[in-house]
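The structure appears below as structure tokens.
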Amino acid sequence: QVQLVESGGGLVQAGGSLRLSCAASGRTFSSNAMGWFRQAPGKEREFVAAMRWIGGSTDYSDSVKGRFTISRDNAKRMLYLQMNSLEFEDTAVYYCAARNVAFYTRNPRDYNYWGQGTQVTVNS
């Protein structure tokens, strides 16, 4: 069984920063892709960022590129999302997700495991 637990969400003013964390437990993640997605009220879940667990290649949505950074600590089995220059439009529930394979995609349906989500609210 795989468990993903997000933390670090909260309320922040526009222009501020937050760092989300995702703790992975259960099976090993030595060759799995992981990603961050978000879902705002009334909208579909959308891709934010992804990376391979080994190798470190990354991908970002155009809306967050240059502002958000995905990273990981393999020894601690942690995935992070550093969010800078936050905008009102970044308000959403943010989810950590993992695939059973090494290559990331932008489609949430390709991900096998999900955390419970953490709320990020940006005041304009």
Side-chain angles (χ1 to χ4, degrees):
Q1 190 68 17
V2 172
Q3 292 85 34
L4 301 173
V5 179
E6 303 96 335
S7 60
L11 176 64
V12 64
Q13 295 294 318
S17 298
L18 282 175
R19 189 176 83 153
L20 304 183
S21 299
C22 174
S25 62
R27 59 169 288 173
T28 61
F29 283 89
S30 60
S31 60
N32 296 80
M34 297 190 72
W36 289 97
F37 292 79
R38 67 187 182 187
Q39 188 166 17
K43 295 187 177 181
E44 293 186 351
R45 192 166 298 188
E46 66 171 358
F47 169 77
V48 175
M51 75 183 306
R52 287 189 62 170
W53 201 246
I54 297 294
S57 59
T58 60
D59 185 28
Y60 296 93
S61 69
D62 289 343
S63 62
V64 307
K65 192 176 296 183
R67 300 188 297 121
F68 291 10
T69 303
I70 188 172
S71 64
R72 86 289 191 202
D73 183 326
N74 291 350
K76 295 181 179 179
R77 304 181 71 187
M78 295 291 295
L79 184 74
Y80 303 103
L81 185 68
Q82 178 66 44
M83 305 186 296
N84 298 330
S85 302
L86 282 161
E87 303 169 354
F88 175 75
E89 292 74 19
D90 295 318
T91 296
V93 177
Y94 283 70
Y95 297 90
C96 171
R99 297 193 73 196
N100 281 328
V101 297
F103 300 102
Y104 49 70
T105 77
R106 295 188 172 196
N107 188 342
R109 294 186 179 89
D110 292 335
Y111 287 75
N112 306 99
Y113 308 103
W114 292 86
Q116 82 288 351
T118 185
Q119 176 71 47
V120 172
T121 302
V122 184
N123 279 343
S124 59

Residue pair V12, N123: steps toward the side-chain contact (heavy atoms from CB on, under 4.5 Å) verdict: CA-CA 6 Å; V12 64; N123 279 343; over 6 Å; no
Y95 ring center within less than 6.0 Å of Y111 ring center: no
Check for me whether the distance between the ring centres of W36 and F47 falls short of 6.0 Å. no
Looking only at heavy atoms, what is the nearest atom pair of [X] and [Y], with distance?
{"X": "A33", "Y": "A102", "value": "CB-O, 3.3 Å"}
{"X": "R72", "Y": "R52", "value": "NE-O, 4.2 Å"}
{"X": "S124", "Y": "A14", "value": "CA-CB, 4.2 Å"}
{"X": "A49", "Y": "Y60", "value": "CB-CD2, 3.6 Å"}
{"X": "L4", "Y": "A24", "value": "CD2-CB, 3.8 Å"}
{"X": "N112", "Y": "N100", "value": "OD1-N, 2.7 Å"}

Just to verify, what does [X] make a side chain to side chain donor-acceptor pair (under 3.5 Å) with, not counting sequence neighbours?
{"X": "S57", "result": "none"}
{"X": "T121", "result": "Q119"}
{"X": "R106", "result": "D59"}

Atom CG in L20, atom CZ in F68: separation rounded to 0.5 Å? 8.0 Å
I need the Q116 CD to Q3 CD distance, nearest 0.5 Å. 11.5 Å
Enumerate the residue pairs fulfilling side chain to side chain donor-acceptor pair (under 3.5 Å) with a member in residues 40-49, sequence neighbours excluded, ordered by first and then second residue. R38-E46, Q39-R45
Heavy-atom check, side chain of [X] versus side chain of [Y], under 4.5 Å:
{"X": "W114", "Y": "P108", "result": "yes"}
{"X": "I70", "Y": "M51", "result": "yes"}
{"X": "V120", "Y": "L18", "result": "yes"}

Give the cluster check for Y104 versus V48: same hydrophobic cluster or not, with ILVMFWY residues linked at side-chain heavy-atom distances below 4.5 Å. no
Going by the rule side chain to side chain contact (heavy atoms under 4.5 Å, CB included), which residues pair with N107 if we only count those two or more places apart in sequence or in a different chain? T105, R109, D110
Please list every donor-acceptor pair under 3.5 Å in which a side-chain atom of residues 78-89 meets a protein atom from a residue at least two apart or in another chain.
| from | atom 1 | to | atom 2 | distance (Å) |
| --- | --- | --- | --- | --- |
| Q82 | NE2 | N84 | OD1 | 2.9 |
| N84 | OD1 | S17 | OG | 2.9 |

